[in-house]
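This chain uses plain numbering: 1 for the first residue, then up along the sequence. In this text, all values refer to a predicted model and were calculated from it rather than measured experimentally.
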Amino acid sequence: HCISSAASDVYKRQWWVIRRELKAAAVNKIAKQQAFDTRLFVPENFKMDYKEEIAARRNSFFKNLGQQSKTSTALGILVAEYKTHEETPLGARFTFKHMPDCSFFADKDFLTKFTRVFEEQLMFSSMLPDSHIMIICTFSMAKAGYPVIQDMGMMLTTKNWIPFEHMREVAVIDAMTEHNRSFAKSLRFNLDRSTPIASMISTDTVPPTALYVSAPSDSGEDEAALIHVAEEGTYPAWIWSGDGEMPELPTRKLESHQS
């Protein structure tokens with residue numbers, strides 16, 4: 001459950017690259033007897049000169065989605081970067097980056113849940129102006145032709161699109177990228193937030209090194225559990241816990257060979 005981050009390409013990531021990789025991953029996948037790529041919508045890189053063409057392709061996707069099922073409500077899946085939302089008399093209007101001319105509606109129940117579940121992450125992101133707020137949501141098409149959000153998940157990423165959970169993890173990711181290191185970022189997927197896992201695996205050490213980073217809010221018991229998992233792990237462990245400064249990063253393979 002990892003995202004690879006090669007030192008050579010971490011600074012080259014743009015939205016069109018993210019979109020290309022997401023769409024490629026969806027090809028030949030089946031979900032509920034439907035081709036997944038016919039349900040997945042990832043907005044195109046917005047360009048004002050091609051605004052009408054982009055809108056036409058998006059509207060074609062929405063129309064096809066609405067016609068996929070005659071017996072039940074067809075659901076699409078949106079993966080995009082959250083921009084903002086504003087309340088309306090009946091709920092909220094959500095706007096996502098690269099879609100300035102298309103809003104997604106959400107009812108009041110969804111807005112209440114959104115605020116309760118994601119308020120902390122939105123506040124955290126506001127403290128990191130270069131971060132991205134990635135969302136994945138299911139949506140249906142209203143009879144009037146506009147998309148309606150049904151459910152949503154959220155993930156914060158650094159400016160280089162690497163997921164993170166807390167400030168210490170951001171500091172380690174920044175240090176690894178600034179030192180041109182290669183690593184694989186661990187993802188939780190269905191693991192609970194309380195389950196201790198390695199934040200990342202350095203892939204330029206021999207053998208690979210698992211980096212464990214405690215959250216600033218972790219209790220003594222949380223840190224002890226993290227250290228226990230690190231000591232029992234497959235790879236040698238690098239641990240940053242307690243109140244101290246970040247330890248020196250694991251020595252990369254090239255440096256080890258030269259010493």
Side-chain angles (χ1 to χ4, degrees), residues 15-16 18-23 25-26 29-46 51 54-126 128 131-157 161 163-165 187-190 192-193:
W15 178 250
W16 70 268
I18 304 299
R19 180 177 188 270
R20 180 192 68 193
E21 296 302 314
L22 285 169
K23 289 181 69 64
K29 303 299 191 299
I30 303 297
K32 294 186 177 181
Q33 299 181 334
Q34 295 281 339
F36 187 69
D37 57 357
T38 65
R39 300 292 185 100
L40 175 67
F41 184 76
V42 186
E44 296 182 46
N45 215 56
F46 183 78
K51 177 180 178 180
I54 293 172
R57 287 190 288 270
R58 181 178 63 236
N59 291 334
S60 176
F61 178 93
F62 288 165
K63 181 179 180 179
N64 291 335
L65 176 66
Q67 296 176 344
Q68 284 192 26
S69 177
K70 295 182 179 180
T71 60
S72 61
T73 301
L75 293 179
I77 298 175
L78 171 70
V79 177
E81 184 177 356
Y82 167 88
K83 185 176 183 180
T84 188
H85 72 278
E86 57 180 337
E87 290 193 42
T88 67
L90 297 178
R93 184 166 47 245
F94 281 73
T95 304
F96 305 100
K97 292 190 177 181
H98 298 290
M99 289 194 292
D101 54 343
C102 178
S103 296
F104 283 60
F105 176 75
D107 62 24
K108 285 187 176 181
D109 288 342
F110 176 86
L111 178 61
T112 299
K113 184 169 67 172
F114 176 87
T115 303
R116 183 181 71 251
V117 174
F118 298 124
E119 182 177 34
E120 183 176 339
Q121 287 177 275
L122 293 175
M123 291 177 62
F124 186 14
S125 179
S126 70
L128 300 167
S131 62
H132 303 282
I133 305 172
M134 292 297 297
I135 65 92
I136 181 169
C137 73
T138 53
F139 68 94
S140 59
M141 296 304 300
K143 291 182 179 179
Y146 58 88
V148 180
I149 297 173
Q150 301 297 323
D151 209 347
M152 182 181 290
M154 181 180 291
M155 179 176 69
L156 303 185
T157 76
W161 307 96
F164 65 86
E165 294 183 1
L187 300 178
R188 289 187 179 276
F189 291 100
N190 60 344
D192 187 86
R193 278 294 186 98

Student: How many angstroms lie between CZ in Phe36 and CZ in Arg39, if you round to the nearest 0.5 Å?
Tutor: 10.0 Å
Student: Rounded to the nearest 0.5 Å, what separates atom CG in Asp37 from atom NZ in Lys23?
Tutor: 7.0 Å
Student: Cut-off 3.5 Å, no hydrogens considered: what does the side-chain donor-acceptor table look like for residues 135-150, sequence neighbours left out?
Tutor:
unit_1	atom_1	unit_2	atom_2	d
Thr138	OG1	Asp151	N	3.3
Ser140	OG	Gln150	NE2	2.8

Student: Checking side chain to side chain contact (heavy atoms under 4.5 Å, CB included) for the pair Phe114/Met154: CA distance, chi angles, key distance, verdict?
Tutor: CA-CA 10 Å; Phe114 176 87; Met154 181 180 291; 3.8 Å; yes
Student: If I take atom CD from residue Gln121 and atom CD from residue Glu165, how far apart are they, to the nearest 0.5 angstrom?
Tutor: 9.0 Å
Student: Would you confirm whether Trp161, through its side chain, and Trp15, through its main-chain N or O, come within 3.5 Å as a donor-acceptor pair?
Tutor: no
Student: If you look at every heavy atom in Pro43 and Val79, which pair is closest and at what distance?
Tutor: CD-O, 3.3 Å
Student: Which pairs would a plain distance check flag for residues 102-112, meaning a side-chain donor or acceptor within less than 3.5 Å of a matching protein atom at least two apart in sequence or in another chain?
Tutor:
unit_1	atom_1	unit_2	atom_2	d
Asp107	OD1	Asp109	N	3.2
Asp107	OD1	Phe110	N	2.8
Lys108	NZ	Pro89	O	3.3
Thr112	OG1	Lys108	O	3.0

Student: Please report the C-alpha distance between Lys83 and His98 in whole Å, then the side-chain angles of each, then the deciding distance to 0.1 Å, and finally whether the side chain to side chain contact (heavy atoms under 4.5 Å, CB included) criterion is met.
Tutor: CA-CA 9 Å; Lys83 185 176 183 180; His98 298 290; over 6 Å; no
Student: Hey, does the side chain of Ser125 reach the backbone of Leu122 with a donor-acceptor pair shorter than 3.5 angstrom?
Tutor: no
Student: Return yes when atom NZ of Lys29 has more than 12 non-hydrogen atoms of other residues, nucleotides or ligands closer than 6.0 Å, and no otherwise.
Tutor: yes
Student: Might you work through the side chain to side chain contact (heavy atoms under 4.5 Å, CB included) test for Leu78 and Met99, ending with a clear yes or no?
Tutor: CA-CA 12 Å; Leu78 171 70; Met99 289 194 292; 4.1 Å; yes
Student: If you measure from OG1 on Thr157 to CE on Met134, what distance do you get to the nearest 0.5 Å?
Tutor: 7.0 Å
Student: Please report whether the ring centroid of Phe41 lies less than 6.0 Å from that of Phe96.
Tutor: no
Student: If you count heavy atoms of other groups shown closer than 6.0 angstrom to CD of Gln34, is the number above 12?
Tutor: yes
Student: Mind listing the closest non-hydrogen atom pair of Phe124 and Leu156 along with its distance?
Tutor: CD2-CD1, 3.7 Å
Student: According to the interplanar angle, ranging from 0 to 90°, do the rings of His85 and Tyr82 count as parallel (below 30°), tilted (30 to 60°) or perpendicular (above 60°)?
Tutor: tilted
Student: Rounded to the nearest 0.5 Å, what's the gap from CG on Asp101 to CD1 on Ile54? Could you check?
Tutor: 8.0 Å
Student: About how many Å separate CD of Glu44 and CZ of Arg57, when rounded to the nearest 0.5 Å?
Tutor: 4.0 Å
Student: Give the C-alpha distance, both sets of side-chain angles, the deciding distance and a yes or no for side chain to side chain contact (heavy atoms under 4.5 Å, CB included) between Lys51 and Phe46.
Tutor: CA-CA 7 Å; Lys51 177 180 178 180; Phe46 183 78; 4.0 Å; yes
